[in-house]
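Shown next, in structure tokens, is the structure this report addresses.
The analysis underlying the following values was restricted to heavy atoms, covering all of them including side chains, and did not include hydrogens, waters or symmetry mates. Here is how names work: the chains are called A, B, and so on, in the same order as the sequence lines, proteins then strands, and each is numbered from 1.
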There are 2 protein chains.
Amino acid sequence: MAAQHALLECLPSGLRAEAEQHAQQVHLSAGDVVFRAGDGCRGLPMVISGSVRVQMLGASGHGIVLYRMGPDDVCTLSIGCLMAGRGYRAEAHVEEPTEALLMPRQAFDRLMAASAEFRQQVMASYGRRLDDLMLLVEEVAFGRLDQRLLEWLKAHASGQPALITHQELAVELGTAREVVSRLLKDFERHGRVRLARGRVELLQSQEVD
Amino acid sequence: MAAQHALLECLPSGLRAEAEQHAQQVHLSAGDVVFRAGDGCRGLPMVISGSVRVQMLGASGHGIVLYRMGPDDVCTLSIGCLMAGRGYRAEAHVEEPTEALLMPRQAFDRLMAASAEFRQQVMASYGRRLDDLMLLVEEVAFGRLDQRLLEWLKAHASGQPALITHQELAVELGTAREVVSRLLKDFERHGRVRLARGRVELLQSQEVD
DNA sequence: GAATCGAATGTGACTTTATCACTGAGCACG
DNA sequence: CGTGCTCAGTGATAAAGTCACATTCGATTC
């Protein structure tokens, strides 16, 4: 076992060995769906490497990206499902080939009991996610879409063009495809971006604030 | 000490006595502000009775209600701040006279270490809050405002009229006062509500679905 | 290479929300 | 009884969402 999760690295070796023994290592390929809305939770996923996108579907059929999980993240969403015995409300899509550990509830509970460090990290991670969601609420409720789109592009399309469709961008922002298309067209007319099918390039002059 | 918090009731008596010894009981009056955006966190608030509204302010000056805390709730938001050492992003307003315990971080950590039951409840409560926020994201992103307003009224103004201003309703829904005014006026024209200054009465025929 | 099909994008018309700048109404207090 | 409040109503305009299509690009097949 070469790569490991930062949360386990901080454990004393005895606990760590026990944890590794109970955890199941899984490999996920790009495009895999880790869980869907309504699914039950079979353990706590801990991401070692890769990237997983968590999003939810509205009644209208539109979706919105809630957050992403990367290396050394734990799926805080799963903790809630695990503890409350509810199903997931969101769905998780693998974006890049991902290595993860699936920690059974029993083992997770033992770690929480035994290690103050582990506890602290898990709670902190929970706090960050809560924070992310609050930020998202604020953006969706009060943010202007052109600004949000521009910021997304700055974050994801600086340096090299983003390979993404308008539909996918709409899900990133929680809006409709047509709205994204029109905004991008406007940006193009103003020389802020260069567009091609499935590709959005942010022009140099726009990358600074 | 008469009233207590459900989370402490489930503890063995030794732990419970210790917890009660370290926790500080506080009384909050309607209108008090428990914390504001940017404040540091001085401990974990646990609500015994009463009601506290948690909301955040957008850059535009508009606000939106995130959730409410009632009897036997813990302020999950505080755990994140406590663990990550960040300030709060939201603000908490007392709506009804409220009794609460303020549990210092040290004491909280000892409880988390010592009681599986306590741990489980805290994590479950965290999960519910995440869920609330996800639901809110969906509503704000995809919900129609007239439906959201009507549902708010059904939840808070069935039986007796709601004593609330249009401005406050706007904050409940994360929108602008004018929008609420217009929608309510429409509802009134269609005989769904009766309006008075600072008062919205949902008419009987509307209370069923 | 041309035909064909499906996904991705473009667009017009219209509705719903948001914003701005006011006006008017109800209420408390001197 | 004014006189200031806060609360509510409204018109004009802009931004965003919805619906119904038209177009275009690329890959696959012939």
Scan nucleotides 13-16 of chain C against the protein and return all N/O pairs shorter than 3.5 Å with their distances rounded to 0.1 Å.
from	atom 1	to	atom 2	distance (Å)
C:dA13	N6	A:Arg182	NH2	3.3

Inset, instruction - For A:Ser60 and for B:Arg177, locate the closest nucleotide of DNA chain D by heavy-atom distance; then report the residue assigned to the nucleotide nearer the 5' terminus. - result: B:Arg177

Inset, instruction - Could you check A:Leu195 against A:Phe142 and say which one's nearest nucleotide on DNA chain C is further toward the 5' end? - result: A:Leu195

Legend entry - Over 12 non-hydrogen atoms of neighbours within 6.0 angstrom of CZ in B:Arg199: yes

Grab the N/O contacts between the protein and nucleotides 6-8 of chain C below 3.5 Å, and write none if there aren't any.
from	atom 1	to	atom 2	distance (Å)
C:dA7	N3	A:Arg197	NH2	3.2
C:dA8	O4'	A:Arg197	NH2	3.3

Any side-chain heavy-atom pair from [X] and [Y] closer than 4.5 angstrom?
{"X": "B:His5", "Y": "B:Asp72", "result": "yes"}
{"X": "B:Leu183", "Y": "B:Val179", "result": "yes"}
{"X": "B:Gln4", "Y": "B:Leu101", "result": "yes"}

Legend entry - Nucleotide interval of DNA chain D bounded by contacts with chain A (heavy-atom cut-off, under 4.0 Å): D:dA15 to D:dG26

Given 3.5 Å as the limit, does a donor-acceptor pair link the side chain of [X] with the main chain of [Y], or not?
{"X": "B:Asp109", "Y": "B:Gln106", "result": "no"}
{"X": "A:Arg36", "Y": "A:Glu91", "result": "no"}
{"X": "B:Ser125", "Y": "B:Gln121", "result": "no"}

Inset, instruction - Determine which pairs satisfy side-chain hydrogen bond (donor to acceptor under 3.5 Å, both in side chains) with at least one residue from residues 61-70 of chain B, sequence neighbours left out, and list them in order. - result: B:Arg68-B:Glu95, B:Arg68-B:Glu172

Inset, instruction - Sort and list the pairs that fulfil ring-ring contact (aromatic ring centres under 6.0 Å, His included) and have at least one residue in residues 145-171 of chain B, not counting sequence neighbours. - result: B:Trp152-B:His156

Inset, instruction - Could you pull out all residues at least two apart from B:Asp132 that satisfy side chain to side chain donor-acceptor pair (under 3.5 Å)? - result: B:Arg129

Inset, instruction - Starting from C1' on C:dT17, measure out to CZ on B:Arg148 and report it in whole angstrom. - result: 11 Å

Legend entry - Spacing of A:Phe187 atom CZ relative to C:dG10 atom C1', expressed in whole Å: 17 Å

